[in-house]
Amino acid sequence: MVKIAVKGWGEREVPAGTTVMEALKELSGKLYKEAMAVRIDGTVVDLSTPLREDTALEVVTFDEPEGAEAYRHTASHIMAQAVKRLYDKNVQLGIGPSINEGFYYDFDFGDTLTVEDLEKVEKEMHKIVKEDLPLERLEVSREEAINIFRERGEDYKIELINGLEDSDRITCYRQGDFIDLCTGPHLPSTGRVKVFKLLSLAGAYWRGDESRPMLQRIYGTAFPKQKMLEEYMQRLEEARRRDHRKLGRELDLFSLHEEAPGFPFYHPRGMIIRRELERFWQDEHRRAGYVEVETPLILNRELWERSGHWEHYKENMYFTRIDDEDYAVKPMNCPGAMLIYKMGMHSYRDFPLRVAEMGLVHRHERSGTLHGLMRARSFIQDDAHIFMLPEQVEDEVEGVIDLVDRFYSVFGFTYHVELSTRPEKSMGSDEMWERATTALRAVLDKKDISYKVNEGDGAFYGPKIDFHLQDCLGRTWQCGTIQLDFQMPEKFDLHYIGPDGQKHRPAMIHRVVYGAMERFLALLIEHYGGAFPLWLAPVQAVIIPITDRQHSYALELEQLLLSHGVRAELDDRSEKVGYKIREAQVQKVPYMLVVGDREVQSRTVAVRHREKGDLGPVSIEAFLADIKKEIEHKS
RNA sequence: GCUCACGUAGCUCAGGAGGUUAGAGCGUAUCCUUGGUAAGGAUAAGGUCACCGGUUCGAAUCCGGUCGUGAGCUCCA
């Protein structure tokens, strides 16, 4: 007999060799049902693990990431098995992990797979679930593993095995006639997977490498309860309602056209929001010690050769010819900023020199990557270049981090941070890169910010810290970034006069806070679901007279609000109040001011707030004071 | 750029397995209505069915190509 101790459930003695699953069943039926796996000594293992000695364990349910992973990973194996059954001869397996809210599996198909096939696959999956095949964990030697997959013609799996660490123990999972290379853990049998749905079909390069074959990926998700799936689908649906491309059209903020793919058009209402964001940005930057400049859109080829863009960034640039000379449309603002810096002598006393530029840049992004305002071919970067002494780098990086944090918290964004290191295609010496990367790391560590490291993802001129925000579907987008650059100052032979009266090389950082106005606006639209806070709302108050008897009063009111800088509109159409209110609600206007005879009489407005509803009559003066205060507070 | 899918009125979508004048709702215009907190009524305008080519007596419908869009991959703010 061995003793098991289940955290929160007590102990029990069971015969040695009993599986965890059987032991849990003894303890509680509920426990047995809800367990996806168990954690022993911090490691998550299968429920089918036999108990050989006294064991303390913890049940892992679907609520935990590891539990959901085991569940969905099993679902992905079921899908792969179904696909093999249906299309056997034509299919080779790629990989099939669980992901955030579901799972996928990549297949190399002889014929192409179409959406109609998904239904067939689902049907076959239901059969496999019904068969309740046990999942068996196998530990085999490298040779055995290779033999298994060679026999099955699974070339991709063999490549994976060859890429594994020098361990002789390779684990596979078998369910019926299906076998897959996998470390697990998995559910004990296919019958445990209750609810699943195949969601979409997409291409995906083998091992994420563009030069390797493109496999076909099927995405799906799985849950223990039907209701959970329904809730998930509903969440997706709601998220789609917040999509900035949809809201951008409905709220008349911007548009995109076939005539200019990837080049956004701002409409008057979108323009208002952008200008407010810019105004806020300028105020904050002035306060943070920045000066502002503007550099041209088109600059001579020679400049781009000097900056390294011609060599490292050419495929993303647009070109033109002027008087028989090559020019490029700027994809970045830095070379222009370099020229301004070089216009005069700089003393170490002037440092740090923080030079900001709201610069419109154009980049030839590949057609498949375009995504509304999130990923466009022209966008405005809220750029700045900071020139400084090498020993000022850490303080300046810290200052920018604080600035980014202040901005994002105004909008209520939560963000995560990434650090990107030297890419293959890059300029400069190893020491420079090492020094720059260490400096960035030091600041992040000092500020106790947790970050993810992206090896090889830096810019060609230096490493960077990135700030990422999430869109309505949880996809993350890089917004703020701080890029350390010891290259440009070198290339452009920048210098400053030090205390010793000699010329020295300044250090430089490129940084953006919003990132790109387009992307940030898109994220704001999705974040607020189109209901912008008062200070950003394109229309802050709409005046709704009940009959045309109140029109002159309404007009007077509109003028008063406009004269105080409140963005007011008068809805003087001959529609009923309900209709006008509905329209204002749909347009997410923060305040609706209903005026009828009573309000004219008492010189008040009946205030209706888009969320709080009817707030009753308020004097004109009081409303004006309140709304001005609220705008001021950016709440 | 790659894989799969999609492209019908300003918007959301019907329809179309080849056959006279292509439909609805919302929106727009005009008129009626002057109505107190999420859609009052009537009439009208609006489409070379993305574009180019092919098959056919005949194409919005079938085929091919181009462009654009969506999801994903790759790449990136």
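Computed from heavy atoms alone, side chains included, the values below leave out hydrogens, waters and symmetry copies. The sequence lines fix the lettering, A, B, ..., with proteins before strands; numbering per chain opens at 1. Keep in mind it's a predicted model, so treat the numbers as computed, not measured.
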Trainee: Can you find an N or O donor on one side and an acceptor on the other, under 3.5 Å apart, linking the side chain of A:Arg366 with the base of B:U74?
Mentor: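 Yes.
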Trainee: In Watson-Crick or G-U wobble terms, both distances under 3.5 Å, what is the partner of B:A60?
Mentor: none
Trainee: Between A:Arg475 and A:Glu101 (salt bridge meaning N to carboxylate O under 4.0 Å), is one present in this structure?
Mentor: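 Salt bridge: no.
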Trainee: Determine whether a donor-acceptor pair (one donor, one acceptor, N or O, separation below 3.5 Å) exists between the side chain of A:Tyr205 and the base of B:G1.
Mentor: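 A donor-acceptor contact between them is present.
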Trainee: What does B:G35 pair with, Watson-Crick or G-U, if both distances are under 3.5 Å?
Mentor: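 Base partner found: none.
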Trainee: Any donor-acceptor pair under 3.5 Å joining the side chain of A:Glu599 to the base of B:G36?
Mentor: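 Indeed there is one.
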Trainee: Using a strict threshold of under 4.0 Å (side-chain N to carboxylate O), is an ion pair present between A:Glu556 and A:Arg603?
Mentor: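 Yes.
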Trainee: So, is A:Arg573 near the phosphate of B:U30, with a side-chain N or O under 4.0 Å from OP1 or OP2?
Mentor: no
Trainee: Tell me the interatomic distance from A:Asp548, atom CG, to B:C32, atom C1', rounded to whole angstroms.
Mentor: 14 Å
Trainee: Rounded to whole angstrom units, what separation is found between the CH2 atom of A:Trp477 and the C1' atom of B:A77?
Mentor: 10 Å
Trainee: For B:A71, which nucleotide in any strand shown is its Watson-Crick or wobble partner with both distances under 3.5 Å?
Mentor: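 Per the H-bond distance test, B:U3.
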Trainee: At under 4.0 Å, does any side-chain N or O of A:His609 touch on OP1 or OP2 of B:U37?
Mentor: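 For B:U37, neither OP1 nor OP2 has a side-chain N or O of A:His609 closer than 4.0 Å.
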Trainee: Is A:Tyr591 close to A:Ile627 at the side-chain level, that is, under 4.5 Å between some pair of heavy atoms?
Mentor: yes
Trainee: Is there a donor on the side chain of A:Ser574 or the base of B:U34 sitting less than 3.5 Å from an acceptor on the other?
Mentor: no
Trainee: Between A:Arg549 and B:U34, is there a contact of a side-chain N or O with OP1 or OP2 at under 4.0 Å?
Mentor: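 So the side-chain polar atoms of A:Arg549 never come under 4.0 Å of the phosphate oxygens OP1 or OP2 of B:U34.
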Trainee: Between B:U3 and A:Tyr104, is there an OP1 or OP2 to side-chain N/O distance shorter than 4.0 Å?
Mentor: no
Trainee: Quick check on B:A38: is either OP1 or OP2 less than 4.0 Å from any side-chain nitrogen or oxygen of A:Arg610?
Mentor: no
Trainee: Quick one: label A:Ala516 by what it contacts on the DNA or RNA (base, sugar-phosphate, nothing), any heavy atom closer than 4.0 Å.
Mentor: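 Contact class for A:Ala516: base.
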Trainee: Please give, in whole Å, the distance from B:G68 P to A:Leu370 CG?
Mentor: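 Checked: the CG to P distance equals 9 Å.
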Trainee: Does B:G18 pair with anything, Watson-Crick or G-U wobble, both distances under 3.5 Å, and if so, with which nucleotide?
Mentor: none
Trainee: Roughly, in whole Å, what's the span from NE2 in A:His371 to P in B:A77?
Mentor: 17 Å
Trainee: When you compare B:A5 with B:A45, how far apart are their C1' atoms, in angstrom units rounded to a whole number?
Mentor: 35 Å
Trainee: What about A:Arg212: does its side chain form a donor-acceptor pair under 3.5 Å with the base of B:C73?
Mentor: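 Counting by modelled atom types and ignoring angles, no donor-acceptor contact under 3.5 Å is found here.
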Trainee: Would you say A:Gln585 places a side-chain N or O within less than 4.0 Å of OP1 or OP2 belonging to B:A38?
Mentor: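 No, A:Gln585 has no side-chain N/O under 4.0 Å of OP1/OP2 on B:A38.
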Trainee: Inspect the contact between A:Asp209 and A:Arg207 and indicate whether a charged nitrogen and a carboxylate oxygen are less than 4.0 angstrom apart.
Mentor: no
Trainee: If we take the C1' atom in both B:A38 and B:U43, what is their distance in whole Å?
Mentor: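 Straight-line distance between the two C1' atoms is 26 Å.
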Trainee: Over all strands shown, is A:Phe379 touching base, sugar-phosphate only, or nothing at heavy-atom distances under 4.0 angstrom?
Mentor: base
Trainee: When both hydrogen-bonding distances must be under 3.5 Å and the geometry is Watson-Crick or G-U wobble, what is B:C26 paired with, if anything?
Mentor: B:G10
Trainee: Taking the C1' atom in each of B:U56 and B:A9, what is the distance between them to the nearest angstrom?
Mentor: 29 Å
Trainee: Could you identify the nucleotide paired to B:U55, looking across every strand shown and requiring Watson-Crick or G-U wobble geometry with both distances under 3.5 Å?
Mentor: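 By the stated definition (distances under 3.5 Å), nothing pairs with B:U55.
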Trainee: Determine which pairs satisfy salt bridge (charged side-chain N to carboxylate O under 4.0 Å, His left out) with at least one residue from residues 252-272 of chain A, sequence neighbours left out, and list them in order.
Mentor: A:Arg269-A:Glu569
Trainee: Using the C1' atoms only, state how far B:A24 lies from B:C62, rounded to an integer number of Å.
Mentor: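 That atom pair is separated by 27 Å.
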Trainee: Please determine, for B:G47, whether a Watson-Crick or G-U wobble partner exists with both distances under 3.5 Å, and give it or none.
Mentor: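 Per the H-bond distance test, none.
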Trainee: Parallel, tilted or perpendicular, judged at 30° and 60°: which one describes the rings of A:Tyr313 and A:Phe460?
Mentor: tilted
Trainee: Would you call A:Lys580 and A:Glu575 a salt bridge, using N to O less than 4.0 angstrom?
Mentor: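 Salt bridge absent between A:Lys580 and A:Glu575.
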Trainee: Output the rounded distance in Å from CE (A:Met214) to P (B:C4).
Mentor: 9 Å
Trainee: Would you check if A:Tyr415 and A:Asp405 make a side-chain contact, meaning some heavy-atom pair closer than 4.5 Å?
Mentor: yes
Trainee: What are the residues of residues 452-467 of chain A, sorted by number, that bring a heavy atom to within less than 4.0 Å of RNA chain B?
Mentor: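 A:Lys464 - these, ordered by number, are the residues of the stretch whose heavy atoms sit under 4.0 Å from the strand.
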Trainee: Send over the distance from A:Glu259 CD to B:C51 C1', rounded to a whole Å.
Mentor: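 These atoms are roughly 12 Å apart.
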Trainee: Should the pair A:Arg217 and A:Phe107 be classed as cation-pi, given the thresholds of under 6.0 Å to the six-membered ring centre and 45° from the axis?
Mentor: no
Trainee: Using atom P of each nucleotide, how far apart are B:U12 and B:G54 to the nearest Å?
Mentor: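 About 33 Å, rounded to a whole number of Å.
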Trainee: If a pair satisfies salt bridge (charged side-chain N to carboxylate O under 4.0 Å, His left out) and one of its residues is in residues 518-527 of chain A, list it, with sequence neighbours excluded.
Mentor: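 Residue pairs passing salt bridge (charged side-chain N to carboxylate O under 4.0 Å, His left out), neighbours aside: none found.
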